[in-house]
Amino acid sequence: MLQEESDLSLIIAQIVQKLKGSNLYAQLERQAWASLQRPEIKLESLKEDIKEFFKISGWEKKLQNAVYSELSVFPLPSHPAAPPEHLKEPLVYMRKAQGSWEKRILKSLNSMCTELSIPLARKRPVGEQKELLNKWNEMGTDEPDLSLFRPVYAPKDFLEVLINLRNPNYENGDSLSFRTHLGLIQVPLKVKDIPELKELFVELGLTTGQLGIDDSTQVPPELFENEHVRIGQKVLTEQDSAAAQQYIRQGSPTALRAELWALILNISSHPEDILYYEQLKTNVIQHDLLVDSLIYKDVKLTASNDDYYFVFEDYLYQVLLCFSRDTSVLSHFAYNSASPPKSYIRGKLGLEEYAVFYPPNGVIPFHGFSMYVAPLCFLYHEPSKLYQIFREMYVRFFFRLHSISSHPSGIVSLCLLFETLLQTYLPQLFYHLREIGAQPLRISFKWMVRAFSGYLATDQLLLLWDRILGYNSLEILAGKILAAAVFAFRAVNLMEVTSLAAAEAVLADLSTLKVMPLLQIFLFATVT
């Protein structure tokens, strides 16, 4: 009991410390001073009167939302005596694997830098700055020569690293469950089974109304959709992040989605936020980074060739170029198993006082990275708001899809549970694909790394991401359950294939799939 109280006190102290450096803290302080001029504030009951003023004026709700937002990204509980690196990743072999992977990425980046004789960063000449500023909203029309640039890595490269992950404390055969797992991921992590998932994600049950199912043309809208919209409007009126997160577990009405996501992520459009975005834009105008070309290349290879997203090419450049300069993103490395790469001022290699993070946000983009932003362009058309939403989505969720860790929402756990579910509940399909050299994970991995962006139709993808936000987790929706459900849905066709190429062809087009029926049937109609 005393330990729980101590842990709670520590969490409260850390959140208070974090909020003290925020815009909200300064605003609350100003409001508190201003309230002293109000006639209802009495000196003899000053504390209670100011509390009541904050409650009536709505500032108490804003503070609650900010605390809730901090709790949403708070690291998993750990022993108070654990060293700081355990907050990032408690398993030593995972930390070592992540470190080795980072070195490999940096080697690839530095090799490209050397081969092309291009500096990591340079200040743009004045003429170039003016030209970029003038075409800021038309960057998609610019066609720089990107033929010599290549992605630093692709999802298939990352998968090979995960396949070779091993816990040195385990020998094959040490435990029955470990010995009988025949998938590609060979690390002994605890993953949930269907009964546990049913209990955890009870709102996805067959008896609960869901947007994506109960708003179909076969169901009269007054039975579910109209009432769901009415409740959503009330949630927005209340401006309560926790209520919005609970509400969105049943899906968001299209007209309310942008506001609901912003409320859950605690994003607002204060003048300070707009100014911060403009400062990032200025940094892009003034300085050219090697990663800029990687961003251009990735957008050209992915979103520009996508029927849904090519129209947002300019937005993608703006958001991603600003993101690469945003040093506030560095704070998420406190709970990310990864570490931001460093560069050194020329001639000062190895001297820490001359080290800088490169890129400034610590995130090196890979093939498909721009697809984390693309679906958000359907919801937000004001650049600074779009930018804030993406940044928050990244530091809460997306970073886990390309970092090696033991976290339940991490890509290793996503892959392991996907394989475990298939092996347990679709054993004939799993063994058939394995025997013909078409391990299911080799097909589904690219879906998971991109949270299905670019594979599902946009309306279905947004319904999926509703649930990611609603459950504050990638654990079930972005990787495990949906990926397994897709294989279950196409099981009859997959049982007839005789090669990896044929299996990939069966699963090549997911754009016609309806996400929610697949999830519900796989979760709640599977015999356990």
Side-chain angles (χ1 to χ4, degrees), residues 15 19 22-24 27-28 54-74 200-205 207-216 219-270 273 375-376 378-382 385-386 388-393 395-397 458-478 515-516 519-520:
I15 289 177
L19 292 177
S22 68
N23 289 332
L24 178 63
Q27 291 169 338
L28 287 171
F54 277 167
K55 187 174 183 178
I56 294 170
S57 61
W59 285 100
E60 182 186 63
K61 185 71 72 176
K62 291 180 181 180
L63 179 58
Q64 287 176 353
N65 289 343
V67 171
Y68 189 74
S69 179
E70 290 299 326
L71 286 172
S72 296
V73 297
F74 212 76
L200 185 61
F201 299 97
V202 67
E203 292 91 348
L204 291 177
T207 58
T208 305
Q210 298 286 337
L211 280 185
I213 299 176
D214 297 306
D215 56 337
S216 64
V219 180
E222 61 271 13
L223 292 183
F224 173 70
E225 187 179 12
N226 291 351
E227 178 65 10
H228 194 58
V229 169
R230 187 189 66 79
I231 296 171
Q233 290 167 338
K234 185 176 180 181
V235 167
L236 287 175
T237 301
E238 293 292 325
Q239 283 294 292
D240 188 318
S241 292
Q245 189 168 40
Q246 180 66 38
Y247 168 82
I248 210 170
R249 291 180 179 188
Q250 291 176 263
S252 171
T254 303
L256 305 182
R257 182 174 281 123
E259 289 183 77
L260 284 166
W261 285 21
L263 178 57
I264 293 168
L265 297 170
N266 199 34
I267 299 297
S268 56
S269 295
H270 292 300
D273 299 316
L376 303 175
F378 277 96
L379 304 180
Y380 304 97
H381 308 299
E382 201 280 303
K385 187 75 170 282
L386 170 63
Q388 289 180 76
I389 294 289
F390 164 65
R391 181 180 61 191
E392 193 64 23
M393 289 286 284
V395 301
R396 284 201 193 193
F397 305 114
T458 303
D459 63 328
Q460 297 301 304
L461 182 74
L462 294 176
L463 286 169
L464 177 67
W465 285 15
D466 282 341
R467 277 72 180 188
I468 291 173
L469 281 159
Y471 291 102
N472 193 40
S473 174
L474 293 159
E475 187 174 6
I476 178 177
L477 299 174
V515 167
M516 295 315 302
L519 286 170
Q520 279 195 320

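The minimum heavy-atom distance between Y380 and A258, with the atom names listed, is OH-O, 2.7 Å. Across P375 and L461, no two heavy atoms sit closer than the pair CG-CD2, 3.3 Å. The two residues L260 and S252 have their closest heavy-atom pair at CD1-OG, 3.3 Å. G470 and Q245 get closest at one heavy-atom pair: O-CG, 3.1 Å. Taking every heavy atom of both residues into account, V515 and Q460 meet most closely at N-OE1, 2.7 Å.
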D273 vs K385, side-chain contact (heavy atoms from CB on, under 4.5 Å): CA-CA, chis, key distance, verdict: CA-CA 8 Å; D273 299 316; K385 187 75 170 282; over 6 Å; no
Verdict with reasoning, L211 to E225, per side-chain contact (heavy atoms from CB on, under 4.5 Å): CA-CA 7 Å; L211 280 185; E225 187 179 12; 4.2 Å; yes
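Interatomic distance, Q388 CD to H270 NE2, rounded to the nearest 0.5 Å: 9.0 Å. Atom CG of L469 is separated from atom CG of L464 by 10.5 Å, given to the nearest 0.5 angstrom. Distance check, rounded to the nearest 0.5 Å: CE of M516 to CG of D466 gives 9.0 Å. Taking CG of L256 as the reference point, atom CD1 of I231 lies at 11.5 Å (rounded to 0.5 Å). Considering CG of L462 and OG1 of T254, their distance stands at 8.0 Å, rounded to 0.5 Å. With values rounded to the nearest 0.5 angstrom, M393 atom CE is found 5.0 Å from W261 atom CH2.
Pairs of residues two or more places apart, or lying in two chains, that qualify as salt bridge (Lys or Arg N to Asp or Glu O under 4.0 Å) and include a residue from residues 240-255 are K61-D240, E203-R249. Residue pairs satisfying the side chain to side chain donor-acceptor pair (under 3.5 Å) criterion with at least one member in residues 229-239, sequence neighbours excluded, are listed as follows: E227-R230.
A side chain to side chain contact (heavy atoms under 4.5 Å, CB included) with S241 is found for one member of L263, I264, L265 and no other, namely L263.
Two residues are said to be in side-chain contact when any heavy atoms from C-beta on lie closer than 4.5 Å; L204 and R467 meet this criterion. You'll find the side chain of R257 stays beyond 4.5 Å of the side chain of I248, heavy atoms only.
Ring planes of Y471 and F201: perpendicular class, angle over 60° (limits at 30 and 60°).
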